[in-house]
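In what follows, chains are A, B, ... by sequence order, proteins preceding strands, each numbered from 1. What you are looking at is a predicted structure, and each value in this text was computed from that prediction instead of being measured.
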Amino acid sequence: MRVSLNQAQRQAVEHGDGPLLVLSGAGTGKTRVLVQRIALLVERGVAPWEILAVTFTNKAAQEMRARLAELLGERAKAMWIGTFHATCARLLRRWGEAIDVPRDFHIVDDDDQMKIVGQLLKDEGLADSISPRTLLSRFDRAKNRGVDPTTERLGFSDEYVQAIYPKYAARLRKEHALDFNDLLLQTLRLLEHPEVGPRLATQFRHVLVDEFQDTNRVQYRLVTALGGASRNITVVGDDDQSIYGWRGAEPRNMFDFERDFPEVVVIRLEQNYRSTQMILDAANAVIGKNRERHVKHLWTDRGGGEPLVWHEAGDERGEAWFVADAIRKLIDHEGISPRDVAILYRTHGQSRALEEQLLRFGLAAEIVGGVGFYERKEVKDVLAYLRLVLNPASDMSFERVVNTPPRRIGEATVEKLRQRARAGLTPAARKTLGAFVELIDGLAAVAAAGASVAELVIQVVERSTYRQVLEAEDTEESRQRLGNLAELVTVAADYDDEAGADGTVAGFLERIALASPSDGQLGAGDGAEQHRVRMTTIHAAKGLEFPVVFLCGLEDGLFPSLREREGQDEDAQLEEERRLAYVALTRAMDRLVLTAARTRRTWGEIRVQTPSRFLDDIPAACLARPRRGATPVAAVSSGGGWPRAGAPAMARRPDRPAPRRSLGTTYDEHDQRSHDDDEPSFDLDGDRGTARLREDRIGAGARVRHVQFGAGRVVDAQGQGKDRKLVIEFPDVGYKTVLARFVTTD
DNA sequence: GGGTGTTATCTTTTT
DNA sequence: GATAACACCC
């Protein structure tokens, strides 16, 4: 760690009592400031347990704790360091009973929420009216602001919210469950409790908040309430990096803080220690287009730097090929470590093509986020067993596993139980249910006998016959699942080791509930991560830095995402995307490569893409691109090496009249040929171009074969691509409408 | 009640 | 392309 601090940093570190607002641009060393400041507070006599540091992600919390442990040793352990949600869970666990939050509450994740809401919608006969996801986002939108969804009077409240939310809340109460927002809201209520509130407000002599621009209204109130007594609140943030508006973040909180704490000392960190001037110039130019911002003057004494490389490939595989090839050469010829390289993208869906090509080039990737370990079905099943052992009254857990693995208890039986119509059960069902109850009782006995969490997990997998069933299946997938369950045992064993005598099943479940899926990623500590290129969404990359950054998928519609979002106007949305671009660009220390694909396959559909409008904002002098005709490889490495500053290239939109927002355009063969002429080297498989739009070629008169109905003749066809429907006359079954992708042409 | 095959839907982004 | 929901058949 750099020990020396610049003047502004020093001022922030040494600030004494009273509110402090640190406006810190990207790469200006805010984490260092926070850590040093906390260390100094302890040196000055503040007890570790009187310090509360709130971060946004578990990763950030872990890192902060680790750095403080280096400086302070054991004392770091007693500090309150965690995410908002983890901190609130801890407070509620300790004090929640004062406001009737049950001591044994558990936390429901998105999946559970969706299931509950889906079921309620079905019960009310509204399943076709609104999707659970939309409804949940409406709940959240109110709750993010501390408003009860049913009393919301500001416009977006509607009959569905009115109908379902009370039932949803009741359901959670019954299950002793809180959702993520409830954690925050209940803690806020706790702070209003006449006895507990004042006590909590004085417990922390110093409250410090990282990424303050991403706090929502409820979190703002939490911070000011928790630090209210001493007014020793330090908030650190950068409104240009506010990228969680969709989650209710209000960057405005930064200004409100100044208003609510007039004596606040404001310090600006503007010297960037991370990136070259070239990278900063590009990033500043992009963010400069935003209107709603506090203008900052980021500067660096790392002058110059290499221009950004821009490459547009034919399709996403070509893009991935370019990236993988470039990384391979950086490692082989320039001594770059895989660990120094990050591939960033807008959505998780982009990762697959990239990973495939990396593999082809012998490069291992660590994908952060995506389909997380704790979201796997088998893992959730076993966790549901644990929850059921803990709380036999949990209907949600019961319904999840009563027939998992299948033991002949079907929907009909479950429905009877729901109706409390036990009398109507068939004798067979009774017997099976009895056995299930015995299974759970047996597991409870194991737990009561003092088994470790890991042992209990093993018992669940064994006694539920999960292992036997998966072993009998013996497919690639079942082996994978078995492996995941083995991994879960390891995770539990780690927890046992760490928590020691304090470890409980409940503690284990809570840790998992609060962990983001990406926190469950494996491979930590085996040394292999040193050899892995990191791949992550831009959101998950916030706060990180890498010597070399590849930013992929710079295409309008993908990045910026132009997807409509309820409750946020288009301009605000675009500004947030632009901030996201700013975050992405400023992750890079030395080298930055921007890529796009002219066509991209999404949802099995090929679309023509246009380069991102953000590219237009990057000054031409900051961009280089491989010479036309040269293989893209040459530009990045090998012979020509990395492009030099002043390379005579600039980003241009394609001059063909591609419609700017051409998201619905289907791909055609001419397009493909012309692209392939451009970049013949990308065709590695030799299987491209075959059967691309096979479906569209099937029209009236075609002879086709269907797996079920046999051979037939097409009499009519409608739609295109994967949605193309055919009306087929089959000699045996008559006319049938069938999707074109389900028939073969012999 | 369960298995199979067909169809609809899906994607931002995270605690 | 993948997966969850659904319809149909045993």
Side-chain angles (χ1 to χ4, degrees), chain A residues 54-61 82-89 107-111 113-115 118 122 127 131 133 137 140 144 178-184 211 214-216 218-219 242-249 344-353 368-372 374-375 377 403 406-415 426 428-429 432 477 512-519 536-542 553 557-565 573 576-577 579-580 583-584 601-606 706-709 721-723 725 736-739 741-743:
Chain A
V54 188
T55 61
F56 241 75
T57 62
N58 292 298
K59 210 192 308 168
T83 62
F84 271 103
H85 296 85
T87 303
C88 287
I107 302 159
V108 292
D109 61 19
D110 284 4
D111 233 42
Q113 284 183 294
M114 213 95 91
K115 266 199 186 128
K122 211 175 267 176
S131 72
R133 175 177 231 88
S137 81
D140 281 344
N144 280 333
L178 300 180
D179 65 25
F180 282 119
N181 275 322
D182 292 336
L183 288 173
L184 308 183
E211 308 282 10
D214 286 328
T215 52
N216 66 29
V218 172
Q219 288 163 334
S242 168
I243 55 176
Y244 286 102
W246 52 275
R247 209 171 84 183
L344 308 186
Y345 35 78
R346 181 65 179 79
T347 65
H348 286 299
Q350 295 167 247
S351 64
R352 182 175 311 155
V368 184
V371 183
Y374 297 124
E375 289 171 322
K377 180 186 179 304
N403 198 32
R407 48 174 77 89
R408 310 196 70 83
I409 299 176
E411 185 54 31
T413 303
V414 172
E415 185 55 34
T426 64
T432 324
E477 190 191 331
I512 289 174
L514 288 169
S516 71
S518 54
D519 293 329
T536 162
T537 62
I538 303 166
H539 282 87
K542 193 166 72 152
L558 181 62
F559 189 28
S561 161
L562 298 171
R563 218 162 157 275
E564 289 172 41
R565 208 187 305 171
Q573 208 174 313
E576 180 153 317
E577 293 290 313
R579 291 192 294 270
L580 195 54
V583 168
R601 194 170 192 126
T602 358
W603 311 319
E605 196 82 66
I606 295 169
H706 185 266
V707 260
Q708 192 183 343
F709 306 129
K722 72 188 179 84
D723 294 323
K725 292 188 174 88
K736 289 277 178 191
T737 304
V738 173
L739 283 180
R741 58 194 161 111
F742 291 119
V743 304

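Residue A:T57 has its side chain nearest to B:dT15 when only B:dG1, B:dT13, B:dT15 are considered. Picking from B:dG1, B:dT14, C:dC6 the nucleotide with the shortest atom distance to the side chain of A:K122 gives C:dC6. Side-chain atoms of A:H85 lie closest to B:dT15 of the nucleotides C:dG1, B:dT13, B:dT15. Set against B:dT13, B:dG1, B:dT15, the side chain of A:H539 has B:dT13 as its closest nucleotide.
In this entry the distance linking CG of A:D214 with C1' of B:dT14 reads 11 Å, nearest Å. As a whole-Å value, the separation of A:H348 NE2 from C:dA2 C1' is 16 Å. Distance CD1 (A:I243) to C1' (B:dT13): 8 Å, rounded to an integer number of Å. Per the geometry, CZ belonging to A:R247 stands 7 Å off P belonging to B:dT15, to the nearest Å. Here the P atom of nucleotide B:dT15 and the CE atom of A:M114 are 16 Å apart, to the nearest Å. Atom-to-atom, CZ of A:F559 to C1' of B:dT11 comes out at 15 Å; the value is rounded to the nearest Å. The distance from atom CD of A:Q350 to atom C1' of C:dA2 is 17 Å, rounded to the nearest whole Å. If you take CD of A:E211 and P of B:dT13, they are 19 Å apart, rounded to a whole angstrom.
Residue A:W246 and nucleotide B:dT13 are classified as a stacked aromatic pair, their ring centres being separated by less than 5.5 Å at an interplanar angle below 30°.
In this model, the phosphate group of B:dT13 is not approached by any side-chain N or O of A:S561 to a distance below 4.0 Å at OP1 or OP2. For the OP1/OP2 pair of B:dT11 and a distance below 4.0 Å, the side-chain nitrogens and oxygens of A:R133 include at least one atom meeting the criterion. A sub-4.0 Å separation between OP1 or OP2 of B:dT11 and a side-chain N or O of A:T602 is absent.
Residue contacts shown for A:F84 are absent, as no nucleic acid heavy atom lies under 4.0 Å away. Contacts of A:I409 with the nucleic acid, taken as non-hydrogen atoms under 4.0 Å apart, involve only primed sugar atoms and P, OP1 or OP2. A:D110 comes within 4.0 angstrom of a base, heavy atoms only.
With sequence neighbours excluded, no residue forms a side chain to side chain donor-acceptor pair (under 3.5 Å) with A:S351.
Between A:H539 and A:W246, the ring planes lie perpendicular to each other; the angle is over 60°, past the 30° to 60° tilted range.
Nearer to the 5' terminus of DNA chain B, by closest-nucleotide assignment, is the contact made by A:S131 (compared with the other of A:Y244 and A:S131). Taking the nucleotide of DNA chain B with the nearest heavy atom to each of A:T413 and A:T536, the more 5' of the two is matched to A:T413.
Separation of the C1' atoms belonging to C:dA4 and B:dT13 is 22 Å when rounded to the nearest angstrom.
Proximity of a side-chain donor or acceptor of A:N144 to a complementary backbone N or O of A:R247 within less than 3.5 Å is detected. In this structure, the side chain of A:Q219 does not engage the main chain of A:F84 through any donor-acceptor pair within 3.5 Å. Looking at A:D140, its side chain never comes within 3.5 Å of a backbone N or O of A:S137 through a donor-acceptor pair.
Closest non-hydrogen pair, A:D214 versus A:F56, comes out as O-CZ, 2.8 Å.
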